[in-house]
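A quick write-up on the structure given underneath.
Convention: sequence-line order gives letters A, B, ...; per-chain numbering from 1. Worth knowing before you read on, the calculation uses all heavy atoms, side chains too, and leaves out hydrogens, waters and symmetry mates.
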2 protein chains.
Amino acid sequence: MHDHSIAELPSLRRQKILLLLERDGKVMASELSQHFAVSEDTIRRDLAELDSAGLVQRVHGGALPRPKDSGKDYFTRLDETDEVKVRLAQLAAQHIEDGQIVLFDSGSTTLQVARALPADIRITAVTASPLTAIALSEYKGVKVILAGGELNPHSMSASGQEALRLLAGIKADLAITGVCAIHPEVGITSLHFDEVPIKQAMLDSATRVIAVTTADKLGAVEPFVVAPCTRLHTLITERHPGSGNVEDYRRLGIVVEQLPD
Amino acid sequence: MHDHSIAELPSLRRQKILLLLERDGKVMASELSQHFAVSEDTIRRDLAELDSAGLVQRVHGGALPRPKDSGKDYFTRLDETDEVKVRLAQLAAQHIEDGQIVLFDSGSTTLQVARALPADIRITAVTASPLTAIALSEYKGVKVILAGGELNPHSMSASGQEALRLLAGIKADLAITGVCAIHPEVGITSLHFDEVPIKQAMLDSATRVIAVTTADKLGAVEPFVVAPCTRLHTLITERHPGSGNVEDYRRLGIVVEQLPD
DNA sequence: CACAAACAGGCATAACCATGCACGACCACT
DNA sequence: AGTGGTCGTGCATGGTTATGCCTGTTTGTG
């Protein structure tokens with residue numbers, strides 16, 4: 001019933017709030033306060049944080065699941081995607097060469113990479129994300145292999161044994177991954193527990209790994225560790241002053257490419 | 001069947017009012033007051049709020065659905081074959097019940113079925129089509145299992161050993177299939193060789209099979225045989241004079257449902 | 001018209017909320 | 001150690017929202 005752990009890590013508590021929200025379809029500030037034995041103020045701050053992160057819908061008295069974007073909204077959302085991501089994707093796409101076997105992670109950034117390929121590309125693409133699979137199947141010269149299994153509603157990608165087994169049987173030349181968060185020492189971390197094994201399997205199956213990420217993810221840490229930074233060979237990101245220094249990654253032997261200003 | 005989990009969250013209550021309105025076509029203030037165990041004043045304020053947000057049409061005694069924009073309907077109506085498919089899909093969707101495990105074939109018709117499900121449906125859905133998988137993942141209560149493997153560019157669905165093995169391990173209550181062609185004696189046939197094994201596997205894994213098809217497919221024959229008609233339990237099609245007589249199928253023991261004129 | 005149901009506006013109360021502040025824990029650095 | 005910074009938390013303040021009840025008015029119906 002109650003959570004007996006004495007000192008809750010804030011991020012862990014927020015993670016649990018998300019689980020409760022998914023289970024019950026709603027959470028109330030007063031109940032959460034009691035459940036975690038913290039003041040309602042803390043819960044309110046948690047919910048405000050989760051709301052601004054786009055993970056819940058804050059309402060009076062608590063929070064509700066974020067309404068899913070419907071199909072047509074999805075395409076408009078693609079149009080709204082940051083122009084920065086498109087430019088990063090174009091940079092990443094230049095690393096992909098004819099004849100390669102390429103793993104595509106799920107996520108909006110890698111989806112943009114899939115859309116940024118030259119029209120006459122000839123590769124074999126492997127992905128666990130149906131969205132990315134559809135984008136890739138637009139290319140006549142791309143053979144698309146889709147990993148199956150139960151679909152994770154958050155990341156819109158397959159997870160579980162089924163997908164892992166398929167990935168384990170593949171040795172790819174290249175993996176394109178978008179990272180939730182990356183930190184020079186902690187490594188690559190994710191917000192969703194379910195995504196971790198599949199991301200790990202992708203990194204394991206690829207001889208070369210390219211990560212594409214916006215500058216705000218640099219130096220960030222999420223609850224679940226995917227891999228150390230040393231797994232990366234190339235990091236493609238923006239040139240952005242202030243946030244994380246890319247030299248930290250270069251010292252780890254990672255090739256860092258940055259968008260021209 | 002009252003809502004025993006009282007909605008303490010105002011916004012959740014309004015959300016549920018919208019669902020009730022969609023389900024019943026109308027809501028009455030007095031009934032809602034009883035249903036949610038709040039005063040009629042509160043319900044009135046809810047309805048006023050929803051009305052000013054443009055989500056319902058407030059009337060004396062309750063509220064009605066807001067008349068839809070004719071703009072969107074206009075574009076969808078441009079393609080009248082789609083219109084028929086949508087209506088067929090709605091008919092098929094009525095056969096799907098909460099708790100079932102449902103196989104969704106690939107194809108535009110079954111995709112429409114996936115879109116025609118009630119918003120609060122709770123099922124486990126299995127499909128080899130990433131497009132259908134995405135449509136299904138819009139529903140909160142639907143667990144989506146995607147069959148993986150190489151993507152067939154024609155049908156936009158996974159085929160091959162990988163997908164077959166997943167389907168073989170599933171015993172579903174229901175399969176929804178759109179047929180390329182169906183003939184009383186020849187049976188169900190397909191234009192694409194690659195699709196045949198996967199369609200067969202779906203039919204084998206389901207205890208009940210519903211086929212949805214437009215009238216022009218009745219009596220047609222394509223090169224590759226999938227299964228005899230006796231595999232079908234229900235056939236949903238248009239009422240269309242001239243083309244194939246549905247009595248042929250009824251004599252085979254198939255329940256035939258037709259669109260009202 | 002007469003009558004009951006539904007309504008709008010005002011009011012009081014309780015729950016909920018945003019903000020600022022203070023305290024303690026922790027970390028980095030001299 | 002010491003020091004200064006950040007972070008998470010709880011508390012106090014005053015503002016906002018939601019709700020139920022009241023009063024009088026409007027609407028639909030026989």
Which whole-number value in Å describes the distance from B/I17 CD1 to D/dA18 C1'? 14 Å
Do A/K199 and A/S190 have a side chain donor and acceptor closer than 3.5 Å? no
Does anything in residues 20-30 of chain B reach DNA chain D, meaning a heavy atom under 4.0 Å, and if so which residues? none
Atom-pair distance (CG on B/D46; C1' on D/dG20), nearest Å: 13 Å
Atom-pair distance (CD1 on B/I43; P on C/dA5), nearest Å: 18 Å
Examine D/dC11: is either OP1 or OP2 under 4.0 Å from a nitrogen or oxygen in the side chain of A/S39? Give yes or no. no
Step-by-step salt bridge (Lys or Arg N to Asp or Glu O under 4.0 Å) determination, B/R23 to B/D120: CA-CA 10 Å; B/R23 197 191 66 185; B/D120 59 345; over 6 Å; no
Rounded interatomic separation in angstrom, taking CD from B/E40 and P from D/dT23: 18 Å
Mind calculating the distance between CD (B/E49) and P (C/dA8) to the nearest angstrom? 14 Å
Quick one: do B/D98 and B/R122 make a salt bridge, cutoff under 4.0 Å? no
Short N-O contact, B/R44 and B/E40, less than 4.0 angstrom: yes
What one should report as the nearest heavy-atom pair of B/I123 and B/G99 is CG2-N, 4.2 Å
Between A/A135 and A/R115, the two heavy atoms sitting closest are CB-CG, 4.2 Å
Spacing between A/L12 atom CG and D/dC7 atom P, to the nearest angstrom: 20 Å
Starting from P on D/dT17, measure out to CG on B/L9 and report it in whole angstrom. 17 Å
What is the minimum heavy-atom distance between B/L136 and B/T127, and which atoms define it? CD1-CG2, 4.4 Å
Tightest non-hydrogen contact, residues A/K171 and A/I101, listed as O-CD1, 4.4 Å
If every non-hydrogen atom of B/H95 is compared with every non-hydrogen atom of B/L91, which pair is closest and at what distance? CD2-O, 3.5 Å
Closest-nucleotide ordering on DNA chain C, the 5'-leading residue of A/G62 and B/H60: B/H60
Tell me, for nucleotides 18-24 of chain C in 5' to 3' order, what letter each nucleotide earns: B for a base near a protein heavy atom under 4.0 Å, S for only sugar-phosphate near one, - for neither? SB-----
How close or far is atom P of C/dA5 from atom CD of B/Q34, stated in whole angstroms? 14 Å
